[in-house]
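In each ligand, atom 1 is the first atom listed, and ligand 1 is the first ligand listed.
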Amino acid sequence: MIKVVKFGGSSLASSEQFKKVANIIKAEDSRRYIVPSAPGKRFSDDIKVTDMLYECYSLAAKGKDYKASLENIKKRYYEIINELGMDLSLENEFKIMEACFVGRAGRDYAASRGEYLNGIVLANYLGYEFIDAAEVIFFDDNGNFDDERTNEVLSERLSDIEKAVIPGFYGAMPNDTIKTFSRGGSDVTGSIVAKAVKADVYENWTDVSGFLIADPRIIDNPKVITTITYKELRELAYMGATVLHEDAIFPVRKEGIPINIRNTNAPEDMGTMIVESTSMKPEFTITGIAGKKGFTAVNIEKDMMNSELGFCRKVLEEFEKYGISIEHMPSGIDTMSVLVHQEEFGQKEQEILAGIHRNAHPDTIDIESDIALIAIVGRGMRAQRGTAGRIFSALAHAHVNVKMIDQGSSELNIIVGVTEEDFAKAIKAIYDIFVTVKL
Ligand code: ADP
Ligand code: ASP
Ligand code: MG
């Protein structure tokens, strides 16, 4: 049995957390390949080392005084090293890092040092071999993850190493510069390593006891989802349930390797199993709820729109021209709405509107900002009648005005758009009707 175990930032934020992590690893011999994040928050308004590194790099690259900022980063590591009673100096590493910051080695290089250094500390603490991710995780010339080359090199490298620590979040470009995944990307590294060693399970250790039905920052003590499919998880992760990076399922998905989300602070909890498919019936009609703020709806009206060939295409072309991706597109006979990310769209707004007017000649275009989208996801919804009805009556009872509805063709999810003001209220109402009341 081989397990790849990834520990998130809060699991490795202090010496106390390091001890818990070591206990977890040592508890099972199969926990052979360890993927650490950079030290995260020790308390709620603490700063993650990754963010400290971005800040320090930005000062150094601008030629400003970065010394105090660098000292604070060093302190984070030395606090852990000293409190664990380790005999390890990172001075040489810090010297190289400082020179690279001043020499403008790039923001990605800077951020990657968080996991790189933490990997060195953890490998030393465990007595495991340290493998620099830059030697085994690769991107192509366009900056896309190079699956083939990585899998070849990484599986070969790990084939004769019994136990190793491979830092998360980064890899190397063909020209040997460092590139990171997007934020939270250590989850992706863990998945890549799991695929390379053909792991039996990929354990992702964090600070909650699994994937919860809703965001614990919105719902008090939400219930844990025991089993969730990759598809459901992807919908939820994409819509803001950030427990696991939305891309983390791809490497393991085709290999049939389940992901097990576990809690470093409560290792006895079994957490959530993320699987390809399951015969396990979900406890509730819905599996989970997630949502995101920051959307704009571009509402377009034109009489007889439905009979005008190519109208949609002409509208969408304008968004494509300016590189704006479209989130949802509910439509009526004479109306269509295009939902886009507010920030992205805002920068190109006038050009796009002018383009639509010029190309598609609509009667009116109306813009509505500050919209939040909420995804209600569940493999059980297909078999249940009236799910949408229950959602809307719950929202109506809570006095939430629904701006938009979209049901995915797989019947795996229903998306509702509400004003940002109603966001938390709407999630609470939906959670209550399906989970608390269990309708
Ligand atoms: P790590 O540092 O271990 O990678 P993250 O902060 O990336 O951890 O992810 C865990 C956090 O995700 C939790 O502390 C929680 O606040 C947040 N979260 C948001 N939605 C959910 C959800 N549906 N289930 C569990 N956690 C969630
Ligand atoms: N340390 C990185 C971040 O803060 C990557 C990760 O934690 O997964 O985003
Ligand atoms: Mg994370």
| message | Tell me the contacting part of Glu115 for ligand 2: side chain, backbone, both, or neither, using a 4.0 Å heavy-atom threshold, strictly below. | response | side chain

| Can you tell which part of Ser37 has a heavy atom less than 4.0 Å from ligand 2: side chain, backbone, both or neither? | side chain

| task | Below 4.0 angstrom from a heavy atom of Thr50, which ligand 2 atoms are there? Numbered from 1 as shown, please. | result | 1 (N), 2 (C), 3 (C), 4 (O)

| Element-labelled atoms of ligand 2 that are located less than 4.0 Å from some non-hydrogen atom of Arg183 | 3 (C), 4 (O), 9 (O)

| task | Compute the minimum heavy-atom distance from Lys6 to ligand 1 and say whether it is under 4.0 Å. | result | yes

| field | Shortest protein heavy-atom distance from atom 6 (C) of ligand 2, along with the residue and atom involved | value | Ser186 OG, 3.4 Å

| field | Polar contact flag for Ala38 and ligand 2 (N/O pairs, less than 3.5 Å) | value | no

| task | Measure the spacing between CG of Asn413 and CD1 of Ile415 and express it to the nearest 0.5 Å. | result | 4.5 Å

| request: Look up atom OG1 in Thr287 and atom CD1 in Ile225, then write down how far apart they are to the nearest 0.5 Å. | output: 6.5 Å

| Sub-3.5 Å donor-acceptor pair from the side chain of Asp51 to the main-chain atoms of Ile47, do we have one? | no

| said: According to salt bridge (Lys or Arg N to Asp or Glu O under 4.0 Å), who are the partners of Glu98, at least two apart in sequence or on a separate chain? | reply: Lys67

| Taking the non-hydrogen atoms of Gly185, is any one of them nearer than 4.0 angstrom to ligand 2? | yes

